[in-house]
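Chain naming here is simple, since letters A, B, ... match the order of the sequence lines and numbering starts at 1 in each. Please read these numbers as outputs of a predicted model, since none were measured by experiment.
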2 protein chains.
Amino acid sequence: MTRRDSIAASLRDDIAAGGWAPGDQLPTEGALAARFGVNRHTVRAALAVLAEDGLVHARRGAGTFVAAKPAAYPLGRRVRFHQNLAGRAPEKRMLSLETRAATERESAALTLTPGAQVHVLDGISLADGRPIALSQSCFPADGLEQLPDALRADPSVTAALKACGVSDHVRVESRIDARVADALQAGLLEVKVGAALARVTSINADGDGRRVEWGRTWFVGERVTLVVDHP
Amino acid sequence: MTRRDSIAASLRDDIAAGGWAPGDQLPTEGALAARFGVNRHTVRAALAVLAEDGLVHARRGAGTFVAAKPAAYPLGRRVRFHQNLAGRAPEKRMLSLETRAATERESAALTLTPGAQVHVLDGISLADGRPIALSQSCFPADGLEQLPDALRADPSVTAALKACGVSDHVRVESRIDARVADALQAGLLEVKVGAALARVTSINADGDGRRVEWGRTWFVGERVTLVVDHP
DNA sequence: TGGAATTTGTGCGTATGTATG
DNA sequence: CCATACATACGCACAAATTCC
């Protein structure tokens, strides 16, 4: 066990024991070097081990901070935002809502006839007061005429669909890739431009198999872990 | 439909019809502007629409190129690399293989006693000759003594486990988040530093429920789409 | 608004212990 | 026993970002 590893283990224990809470600033590298009686480089190596595990996060000029635990977001047949983030103070805000003709891509995903009308909802999701995801949902307008009014009353998709007579909806497929945040996304999500986002494209159907939602969600990589169980 | 959108749709059709193959260079923006009889700015707006969808990729000073279609990589109970990428010339190369004491994190993931030995395999995966992922797999050494020899003979994890008497293994859980590539990863994956990677952490168990592999895989965001079916 | 102080990030040189051949 | 390579650790200096007055 090198000196670096033992220092890393010691700091890890302190964090696990609650010595520092998520978001707290650790002592400076210089202070830690003095406490452990080693060179600052050695402390930096130890902190790098913890950063590799995502346990701490250094900001140049500011300090090193205990990372907030990423929110676990289950991806399954039934994805319900508020249930998924129970205990993390989930919050959803509407950014825009419009009804327009579907793009080629949208009509293909929802198996609509070209030029059909769709409702498009843009929103932002928060957990513990921090933005965790941007989302765009696309619904066929045909059969869901009341959806915009319902969404304006309550931004919950599940509740709005229920108000339109869709009592249940299930996710058929999720496709996931990774993208970097552009300036617009970065501003809304309160991350730097170039931060990694996990993009999830999903198709949701009602009880009869009719596709009722095509959604794309951009999750902040360092704040959310998507969890897939394989039963 | 704006002129921009009609040009974008026209180019999209050409690409879909095979007019240009993945990797091909499109005509210059000036040439396209002349062909469609519009200003170069309009062509740029149309190309931006396609780039937004990941269909083309512009490189300053070089030109605009048709993006290679991302490989679909199913995430399910049975994840087998070669089957997953059938038709995309899957290839797996071993980067390193060592046996050492498990870190705290590794022994927790594999439910090992602290200090137990593990085999650690680093590898790189390619499809169609391009790197698509880096992976690190961690196996308990206890009960899998022959694994390193088997892996050196054949880098396939499934084959190596079979050689050690594990006839079948299934994925229990996948956790996904997004990270940016560091210099080492970028070099190996042939992407730029800062490119978005989808990181998948998975736990695999044998028929008796014993955890036999803890793996982490970093997929190049723009070359792979992870697909999760929700049956 | 500005500028000093603080803090992390980076580079270079040096030294030591441990394998390897 | 020597030469080499590698990882670890130390010391010093400066750059870059942030904070604070």
Side-chain angles (χ1 to χ4, degrees), chain A residues 1-15 19-70 129-131 180-183 185-196 220-223, chain B residues 94-107 114-115 117-124 134 136 138 141 148-149 152 179-188 191-197 216 218:
Chain A
M1 171 100 67
T2 64
R3 197 84 185 85
R4 173 198 61 198
D5 290 335
S6 71
I7 291 173
S10 171
L11 292 173
R12 193 192 298 272
D13 286 347
D14 279 350
I15 293 171
W20 296 294
D24 278 7
Q25 181 173 3
L26 294 183
T28 67
E29 294 172 347
L32 289 173
R35 173 194 302 184
F36 289 107
V38 298
N39 189 276
R40 192 166 75 94
H41 280 300
T42 309
V43 168
R44 286 182 54 77
L47 288 173
V49 171
L50 301 186
E52 177 76 14
D53 285 353
L55 212 65
V56 302
H57 186 254
R59 271 172 49 214
R60 161 142 55 165
T64 305
F65 301 83
V66 178
K69 212 168 118 190
R130 303 194 72 188
V180 295
D182 61 28
Q185 295 168 327
L188 290 165
L189 290 170
E190 296 174 15
V191 296
K192 288 181 184 165
V193 173
V220 177
E222 59 189 16
R223 295 184 195 150
Chain B
M94 186 186 303
L95 294 176
S96 73
L97 177 59
E98 59 170 347
T99 301
R100 54 162 173 75
T103 67
E104 207 164 323
R105 195 188 181 88
E106 289 162 349
S107 58
Q117 292 289 111
V118 288
H119 307 305
V120 180
L121 166 71
D122 282 281
I124 184 168
L134 292 174
Q136 182 175 77
C138 188
D149 288 339
R152 267 183 275 266
R179 301 277 143 174
V180 295
D182 61 28
L184 178 61
Q185 296 169 327
L188 290 165
V191 296
K192 290 179 185 166
V193 174
L197 307 178
R216 282 184 298 179
W218 289 263

S.K.: Go through the structure and list residues passing side-chain contact (heavy atoms from CB on, under 4.5 Å) with P27(A), not counting sequence neighbours.
M.R.: W20(A), A31(A), L32(A), R35(A)
S.K.: Only counting residues at least two apart or in another chain, list the ones meeting side chain to side chain donor-acceptor pair (under 3.5 Å) with N39(A).
M.R.: none
S.K.: Sequence neighbours left out, what passes side chain to side chain donor-acceptor pair (under 3.5 Å) with T99(B)? Give chain and number order.
M.R.: H119(B)
S.K.: For DNA chain D, please output the secondary structure as dot-bracket, reading 5' to 3'. Pairs are Watson-Crick or G-U wobble, both atom distances under 3.5 Å; mark crossing pairs with [ ], other-strand partners with |, unpaired with a dot.
M.R.: .||||||||||||||||||||
S.K.: Over how many whole Å does the gap from Q25(A) atom CD to dT8(C) atom C1' extend?
M.R.: 11 Å
S.K.: So, for I124(B) and L188(B), which heavy atoms are closest and what is the spacing to 0.1 Å?
M.R.: CD1-O, 3.3 Å
S.K.: Who are the side chain to side chain donor-acceptor pair (under 3.5 Å) partners of S10(A), not counting sequence neighbours?
M.R.: none
S.K.: Below 3.5 Å, can you tabulate the donor-acceptor pairs from side chains in residues 52-69 of chain A to any protein atom, sequence neighbours excluded?
M.R.:
residue: D53(A); atom: OD2; partner: R12(A); partner atom: NH1; Å: 3.2
residue: D53(A); atom: OD2; partner: R12(A); partner atom: NH2; Å: 3.2

S.K.: What closest approach, in Å, do E106(B) and A101(B) show between heavy atoms, and which atom pair accounts for it?
M.R.: OE1-O, 4.4 Å
S.K.: Keeping the roles fixed (side chain from R3(A), backbone from F36(A)), state whether a donor-acceptor pair exists under 3.5 Å.
M.R.: yes
S.K.: Let me have a per-nucleotide readout for nucleotides 15-21 of chain D, 5' to 3', with B, S or -, counting only protein heavy atoms under 4.0 Å.
M.R.: -BBBS--
S.K.: Kindly write out the residues that satisfy salt bridge (Lys or Arg N to Asp or Glu O under 4.0 Å) with R44(A), not counting sequence neighbours, or none if the list is empty.
M.R.: E29(A)
S.K.: A181(B) and V191(B): which non-hydrogen atoms are nearest, and at how many Å?
M.R.: CB-CG2, 4.3 Å
S.K.: Among all residues two or more places apart in sequence or in another chain, which pass the side-chain contact (heavy atoms from CB on, under 4.5 Å) test with A45(A)?
M.R.: R4(A)
S.K.: OP1 or OP2 of dT8(C) versus the side-chain N and O atoms of T64(A): is any pair under 4.0 Å?
M.R.: yes
S.K.: Under 3.5 Å, which protein N or O atoms sit close to an N or O of nucleotides 5-10 of chain D? Give each pair with its distance.
M.R.:
residue: dT8(D); atom: OP1; partner: R4(A); partner atom: NH2; Å: 3.0
residue: dA9(D); atom: OP1; partner: R3(A); partner atom: N; Å: 2.5
residue: dA9(D); atom: OP1; partner: R4(A); partner atom: N; Å: 3.2
residue: dC10(D); atom: OP2; partner: N39(A); partner atom: N; Å: 2.9
residue: dC10(D); atom: OP2; partner: T42(A); partner atom: OG1; Å: 2.2

S.K.: Atom CG of L47(A) to atom P of dT7(C): distance rounded to whole Å?
M.R.: 14 Å
S.K.: Tell me every residue that passes side chain to side chain donor-acceptor pair (under 3.5 Å) with Q136(B), counting only those two or more places apart in sequence or in another chain.
M.R.: D122(B), R216(B)
S.K.: For nucleotides 13-20 of chain C, print each protein N/O atom paired with a nucleotide N/O atom at under 3.5 Å, atom names and distance only.
M.R.:
none

S.K.: What is the minimum heavy-atom distance between D182(A) and Q185(A), and which atoms define it?
M.R.: OD1-N, 2.8 Å
